[in-house]
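Below is one structure, written out as structure tokens, with a few remarks after it.
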Amino acid sequence: DQQVKQNSPSLSVQEGRISILNCDYTNSMFDYFLWYKKYPAEGPTFLISISSIKDKNEDGRFTVFLNKSAKHLSLHIVPSQPGDSAVYFCAASNNDMRFGAGTRLTVKP
Amino acid sequence: NAGVTQTPKFRVLKTGQSMTLLCAQDMNHEYMYWYRQDPGMGLRLIHYSVGEGTTAKGEVPDGYNVSRLKKQNFLLGLESAAPSQTSVYFCASSYNRPNQPQHFGDGTRLSIL
């Protein structure tokens, strides 16, 4: 039972444009949501998070939006850069953390 | 600036063999975790520890054992390896509660033949 789903295995965008990565969850008890970024042969690294009491959190080029009624969160990267090319995992947490399967983002120069 | 270090990075085992994966963190974190990553499945929690001397089961604990004898180390054991345990294993740690950002090691790629 996959409680956190990333339905797009891959996404390709042009440098300078916006990247939007989506994530859906099923468990309404999740109260904290995170995005991790992963390069090949490395472990995931924390990118940005949001508490369930908020609907938006921004950190530089990265913004996470949370829609609790739809059980949906998204990560916006503006402007996208080639160095952003990586696999992005969303995660949701209550007593433990559940991860989505990841979306591979490719930013083309 | 080591963070979380996993040993070994790669290993090939035969079915039925045993081995131990070592995770060490130098951030004085209370919580430590073992995950496995399989294609299309994301990261799944195997076992975790909320402090020295404690362990608990995660989402997929069968076939694995863990020990946390020292705060900085978290060991994952496979007593009798099976091909289904072929995966990439990640160790992570966090300061306290599970919803705090976790710091990950670079993974151990394990193949069971």
Side-chain angles (χ1 to χ4, degrees), chain A residues 1-10 21-54 57 59 62 64 66 73 75 86-104, chain B residues 1-10 21 23-25 27 29 31-50 54-61 74 76 87-110:
Chain A
D1 176 28
Q2 213 163 354
Q3 298 187 34
V4 179
K5 294 183 180 180
Q6 294 177 257
N7 292 319
S8 298
S10 63
L21 295 93
N22 294 303
C23 180
D24 297 295
Y25 62 96
T26 58
N27 188 345
S28 59
M29 298 302 292
F30 288 137
D31 60 3
Y32 204 74
F33 303 89
L34 306 91
W35 284 93
Y36 288 84
K37 177 179 180 180
K38 184 183 180 304
Y39 292 117
E42 295 183 8
T45 55
F46 169 71
L47 189 58
I48 192 170
S49 62
I50 187 168
S51 165
S52 61
I53 63 173
K54 296 185 176 181
N57 188 28
D59 183 3
F62 302 91
V64 56
L66 176 62
L73 68 154
L75 175 68
V87 176
Y88 290 78
F89 292 97
C90 69
S93 175
N94 185 358
N95 291 319
D96 59 21
M97 192 170 293
R98 298 296 175 106
F99 287 81
T103 297
R104 182 177 302 277
Chain B
N1 196 14
V4 178
T5 303
Q6 292 184 232
T7 310
K9 295 190 185 302
F10 305 95
L21 280 65
C23 177
Q25 54 97 1
M27 296 171 284
H29 285 169
Y31 282 55
M32 296 188 74
Y33 316 83
W34 276 106
Y35 294 90
R36 59 178 290 173
Q37 184 192 9
D38 301 294
M41 298 292 289
L43 293 157
R44 291 183 293 166
L45 183 64
I46 304 171
H47 287 279
Y48 65 98
S49 168
V50 303
T54 73
T55 62
K57 294 181 180 179
E59 191 182 355
V60 289
F74 195 29
L76 177 71
S87 188
V88 181
Y89 291 85
F90 288 99
C91 176
S93 69
S94 64
Y95 182 64
N96 45 25
R97 293 171 16 240
N99 63 5
Q100 294 294 312
Q102 296 179 13
H103 298 256
F104 284 82
D106 287 340
T108 295
R109 185 174 295 276
L110 184 61

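Proteins get letters first, then strands, A, B, ... in listed order; numbering begins at 1 in each.
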Where does F99(A) contact chain B at under 4.5 Å (heavy atoms): side chain, backbone, both or neither?
both
Tell me, for Q6(B) versus chain A, whether the close heavy atoms (under 4.5 Å) come from the side chain, the backbone, both or neither.
neither
For residues 32-43 of chain B, pull every pair meeting salt bridge (Lys or Arg N to Asp or Glu O under 4.0 Å), keeping only residues two or more places apart or in separate chains.
R36(B)-D38(B), D38(B)-R44(B)
Considering only heavy atoms and a distance below 4.5 Å, find which of G102(A), S49(A), G100(A), P44(A) pairs most often with chain B.
P44(A)
Between Y33(B) and S94(B), is there a side-chain heavy-atom distance shorter than 4.5 Å?
yes
Given side chains that start at C-beta, do those of T108(B) and L76(B) come closer than 4.5 Å, heavy atoms only?
no
Non-neighbouring partners of A101(A) that pass side chain to side chain contact (heavy atoms under 4.5 Å, CB included), sequence neighbours left out
Q2(A)
Which atoms of F30(A) are under 4.5 Å from chain B, going by heavy atoms: the side chain, the backbone, both sets, or neither?
neither
